[in-house]
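The block underneath contains the structure these notes are about, expressed in structure tokens.
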Amino acid sequence: MEATLTTETTAIIAGYDLPGMTVAVAGPDGVLTIALGFADRENNRRMSTGTTMLAASIGKTFVAATLLQLSDEGQLSLDDPISKWLGDRDWFDRLPSANDITLRHLLQHRSGLPDHVHLDAFAELLPDRVDGATAEALIGLVLDLQPLFPPGEGWAYTDTGYLLLGLVIERATGRPYEDVIRERFIAPLGLSSTGPSNSTSLPGLARGYVETGSGLGLPSYTTDDAGVMLWNPAIEWTGGGLYANARDLAVWGRAFLSGRILSEAAYREALKGVPVPESDTASSYGLGISIRTESDFGPVYGHHGWIPGYVSSLQYYPAYDTAVAFQINTDIGIINSDQPVLPDMEARLAQILFGSGREE
């Protein structure tokens with residue numbers, strides 16, 4: 001299996017002209033990880049299984065898992081209005097539809113909040129003034145804007161909503177979010193190469209190669225020759241906010257997306273999906289989980305992650321009790337492609353692992 005997976009990954013790297021790629025498979029027989037290509041072309045640093053990258057929006061799965069556990073423990077309800085937790089903030093009433101949004105709306109991207117990441121005001125923060133941008137400052141970018149739709153009546157992906165959820169978690173627990181997920185998930189699962197991307201110096205980080213014309217004015221790669229990031233990823237916080245290697249992502253995906261770390265009731269809640277517009281009609285979005293109800297390999301639960309210079313995929317296949325994660329240290333030709341690049345890679349790896357899929 002390792003040899004055929006290596007061969008297919010090598011073909012993917014060559015076909016898409018990637019600098020490097022790591023792949024991990026966590027299943028009933030353990031964890032298999034491979035690493036190919038370069039973590040840093042200019043300094044001739046090869047990719048290794050320990051190489052980390054920014055996991056970007058895959059971090060939203062940790063936010064969702066935390067809230068699901070807190071709900072199970074009676075510390076909050078997923079249908080709480082966010083006003084219960086954040087209504088005393090001096091900016092709260094300026095939040096679009098502030099008094100009608102629930103935690104569930106935010107988890108499922110049904111709040112109607114604009115996404116600060118796509119606002120001109122956000123682009124102006126990068127790269128020079130990013131160090132001073134707190135979560136509340138970023139939320140401030142959407143204050144007084146019109147909602148995209150009334151809460152619960154549409155779907156629009158918004159990192160802003162997940163920043164609000166981070167504030168709720170900290171209010172409910174009385175602790176920093178990073179400490180909460182370290183205690184609940186990172187330490188118990190042995191995710192030794194996972195941590196908050198709250199600094200420009202992150203352990204084992206690959207250099208990321210950036211798609212030009214992103215509108216953010218970022219340099220063409222993410223790190224200097226010493227491996228220090230040229231911009232501060234702390235700006236992401238609970239919109240993503242983690243570095244990890246592929247092995248840790250696969251282990252985490254199998255634990256969370258199988259329901260192993262949740263009660264049966266919480267897992268059912270997590271998989272209650274709502275339709276996602278402009279996507280495959282079989283796709284929906286649960287509580288921090290992208291759901292495909294149909295594929296050649298049965299249902300698939302997971303999440304993608306993108307931040308300039310890094311692309312990650314985490315997919316869990318319940319029929320095989322197996323999670324597959326991969327990370328790529330470039331977004332060039334991937335994010336702005338008019339072709340389904342990530343689904344193609346996912347399908348190719350799944351076929352190697354599971355054969356032709358289900359019998360028709």
Side-chain angles (χ1 to χ4, degrees), residues 56-61 63-64 67-68 78-79 81-82 95-123 138-139 141-142 145-165 211 214-216 236 238-240 257 268-308 311-316 318 331 334-347:
S57 284
I58 290 176
K60 290 181 172 69
T61 60
V63 174
L67 287 162
L68 284 160
L78 298 176
D79 294 309
I82 60 170
L95 195 69
S97 302
N99 292 307
D100 299 319
I101 297 173
T102 68
L103 302 185
R104 191 185 301 271
H105 288 149
L106 295 178
L107 282 164
Q108 291 188 315
H109 300 292
R110 293 192 299 140
S111 66
L113 289 174
D115 191 350
H116 69 271
V117 173
H118 298 296
L119 300 178
D120 291 341
F122 177 74
L138 295 173
I139 292 166
L141 299 179
V142 309
L145 298 182
Q146 289 297 310
L148 302 179
F149 48 79
E153 296 185 19
W155 192 92
Y157 195 90
T158 171
D159 288 271
T160 315
Y162 271 72
L163 296 184
L164 290 164
L165 290 172
E211 179 78 68
S214 64
L216 297 177
E236 214 186 2
T238 48
L257 298 170
R268 286 198 302 268
E269 291 295 314
L271 294 180
K272 288 181 180 177
V274 295
V276 178
E278 301 175 7
S279 182
D280 187 319
T281 55
S283 294
S284 62
Y285 197 90
L287 302 185
I289 302 173
S290 180
I291 299 166
R292 271 189 292 152
T293 54
E294 294 291 339
S295 81
D296 289 340
F297 309 99
V300 187
Y301 311 143
H303 216 289
H304 290 151
W306 168 70
I307 195 168
V311 177
S312 298
S313 166
L314 173 59
Q315 305 292 305
Y316 174 70
D331 55 0
I334 300 176
I335 296 304
N336 291 334
S337 175
D338 58 2
Q339 300 299 312
V341 176
L342 289 182
D344 173 63
M345 295 178 181
E346 289 160 357

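The analysis underlying the following values was restricted to heavy atoms, covering all of them including side chains, and did not include hydrogens, waters or symmetry mates.
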Determine whether L119 and L145 satisfy the following criterion, side-chain contact (heavy atoms from CB on, under 4.5 Å), listing intermediate values before the conclusion. CA-CA 11 Å; L119 300 178; L145 298 182; 4.0 Å; yes

Rounded distance (nearest 0.5 Å) linking atom [atom1] of [X] with atom [atom2] of [Y]:
X    : Y    : atom1 : atom2 : answer
L314 : S57  : CG    : OG    : 12.5 Å
F297 : R292 : CZ    : CZ    : 9.0 Å
D115 : H109 : CG    : NE2   : 8.5 Å
S313 : L342 : OG    : CG    : 6.0 Å
Q108 : S284 : CD    : OG    : 9.0 Å
Y301 : S290 : OH    : OG    : 11.5 Å

Step by step, would you call Q339 with D344 a side-chain contact (heavy atoms from CB on, under 4.5 Å)? CA-CA 9 Å; Q339 300 299 312; D344 173 63; over 6 Å; no

Is the distance between the ring centroids of H118 and Y157 under 6.0 Å? no

Side chains of [X] and [Y], heavy atoms from C-beta outward: is any pair under 4.5 Å?
X    : Y    : answer
W155 : V274 : yes
L95  : I82  : yes
P81  : D100 : no
W306 : P308 : yes
V300 : Y316 : no
I139 : L164 : yes
L287 : L67  : no

Just checking, any donor-acceptor pair under 3.5 angstrom between side chains of H116 and T160? yes

Report yes or no: do H304 and E346 form a side-chain donor-acceptor pair below 3.5 Å? yes

Y162 and L106: side-chain contact (heavy atoms from CB on, under 4.5 Å), yes or no, with the steps? CA-CA 7 Å; Y162 271 72; L106 295 178; 5.8 Å; no

Identify the two heavy atoms, one from [X] and one from [Y], that lie closest to each other, and give their separation to 0.1 Å.
X    : Y   : answer
T61  : I58 : OG1-O, 2.6 Å
L113 : P96 : CD2-O, 3.7 Å
G288 : A64 : CA-CB, 3.9 Å

Do the side chains of E153 and R110 get close enough for a salt bridge, i.e. N-O under 4.0 angstrom? no

Could you go through the side-chain contact (heavy atoms from CB on, under 4.5 Å) check for T102 and L78 one step at a time? CA-CA 7 Å; T102 68; L78 298 176; over 6 Å; no

Please confirm whether the backbone N or O of [Y] pairs with a side-chain atom of [X], one donor and one acceptor, at under 3.5 Å?
X    : Y    : result
H303 : I289 : no
S295 : G298 : yes
S97  : P150 : no
D331 : V311 : no

Partners passing salt bridge (charged side-chain N to carboxylate O under 4.0 Å, His left out) against D159 (at least two apart in sequence or in another chain): K60

Would the number of heavy atoms belonging to other residues, nucleotides or ligands and lying under 6.0 Å from CG of D120 be above 12? no

